[in-house]
Amino acid sequence: MKRDLLSLHDLSSNEVAHIIDLAIKLKNSGSKITNHLKNKAVGLLFQKPSNRTRVSCEIAVWQLGGKCLYLAPQEINLGKRESVADVAKTLSRYLDCIVARTFSHTDVVELAENASAVIINGLSDLFHPCQALADILTVKEKFGDEKKVLMSYIGDGNNVCHSLILACARIGYDLNIATPKKYEPSQDILNMAQGIAEETGSKITILNDPEEAVGNADVIYSDVWVSMGQEEEDKKRKKDFKGFQINSDLIKGAQSDYIFMHCLPAHRGMEVSADVIDGPNSVVFDQAENRMHVQKAILTFLLGEGEK
Ligand code: CP
Ligand code: NVA
């Protein structure tokens, strides 16, 4: 039976911990080429632009001894030139795995339902699981295994926020989220996380006050106010998110050894001030690097031969 990764709900807490451990192992072994994906072909089916997800996946597959190919939005034109089901069935005749970046999450689900190839969600409007796994690895590297970490996410209750909620629930971190009213994360996803959090001891708190959310935080996390596909809402969102910028005033309430995280791309002067993202506590490029190590671990876990 193939395993897909559409959201972190697809992995048990033990499997999340295992993927993080594997990523650390692969990271420590350097960039040497292995055979974990020997004879495997991975396609990147992207409907939106990407820097980190695309490049980290391509290099990950190469370092694991497999073959990777990029399928640009205009090439496949998912659901328009051809139905999602036909794309899934056709590509499964060539590929072992499809990393899909879509607008609607239902497209990723439909791909998974119709493909014999393994489907990995490389970002949909609802989730960004590969990002959240890289984020957990980054936090672990900074604070170790023992600390009961308090993360604070300030901004939009979006795809990155949803995956962070599930990741924190799975790993047992506490998470404070502050969004403007009407931009809170999905209640369904919160309910899903609550069930997991009860097992792992994680506490997820939803607030509308950034100062309250940042109090005593070890990690302060932000993402864009306007996600890909929301460009028409640009003006309204910038108005609605006023007061939710992470800047030196806001972080005064955090722990002195706090780290600043952002999935990138970032907009200095909008969701974060330049002095914070470019300051000594920022780990955003460690996060970006860890996308590659985690991608290798995810691919090895789902598809790899030998080391698992
Ligand atoms: N963080 C992230 O997914 O970046 P890209 O959109 O550049 O892939
Ligand atoms: N929330 C952002 C994340 C980009 C990596 C978006 O979906 O555009």
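Counting convention: from 1, in listed order, for ligands and their atoms alike. Residue numbers start at 1 and run along the sequence shown.
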Among the heavy atoms of K48, does any lie under 4.0 Å from an atom of ligand 1?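 K48 does not count as a contact of ligand 1 under the 4.0 Å cut-off.
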Are L264 and ligand 1 in contact, using a heavy-atom cut-off of under 4.0 Å?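 Per 4.0 Å heavy-atom rule, L264 contacts ligand 1.
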Enumerated ligand 1 atoms positioned under 4.0 Å from heavy atoms of R101: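 Ligand 1 atoms under the 4.0 Å threshold to R101: 3 (O), 5 (P), 6 (O), 8 (O).
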Examine F244 together with Y183 and report whether their ring centres are nearer than 6.0 Å.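 No; Y183 has its ring centre 6.0 Å or more from that of F244.
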Proximal atoms of ligand 2 relative to D223 (non-hydrogen, under 4.0 Å):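 Going through ligand 2 atom by atom, the ones under 4.0 Å from D223 are 1 (N), 2 (C), 3 (C).
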Quick check on contacts: which atoms of ligand 2 are under 4.0 angstrom from a heavy atom of L264?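 Those qualifying, in numeric order: 5 (C).
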Lys/Arg cation over aromatic Y70: R54, 6.0 Å, 45° cone: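 The answer is yes; both the distance and angle limits are met.
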Nearest neighbour of atom 6 (C) of ligand 2 from the list S227, C161, G155, on a heavy-atom basis: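 Among S227, C161, G155, the closest heavy atom to atom 6 (C) of ligand 2 comes from S227.
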Heavy atom of the protein closest to [atom] (residue, atom name, distance):
atom                   : answer
atom 7 (O) of ligand 1 : N51 N, 2.7 Å
atom 4 (C) of ligand 2 : L123 CD1, 3.9 Å
atom 2 (C) of ligand 1 : R291 NH1, 3.4 Å

Residue of the set K48, R291, Q295 for which side-chain hydrogen bond (donor to acceptor under 3.5 Å, both in side chains) holds with T53: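 That would be R291.
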Does any N or O of ligand 2 fall below 3.5 Å from an N or O anywhere on M228, backbone included?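 Indeed, backbone or side chain, M228 has an N or O that close.
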Distance-only N or O hit between ligand 2 and N159, under 3.5 Å: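 Looking only at distances, the answer is yes, because the N/O contact criterion of under 3.5 Å is met.
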Answer yes or no: does atom CD of Q74 have more than 12 heavy-atom neighbours from other residues, nucleotides or ligands under 6.0 Å?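 Check passes, neighbour count above 12.
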Evaluate N158 against Q230 for side-chain hydrogen bond (donor to acceptor under 3.5 Å, both in side chains), listing each step before the verdict. CA-CA 11 Å; N158 61 13; Q230 297 174 332; over 6 Å; no
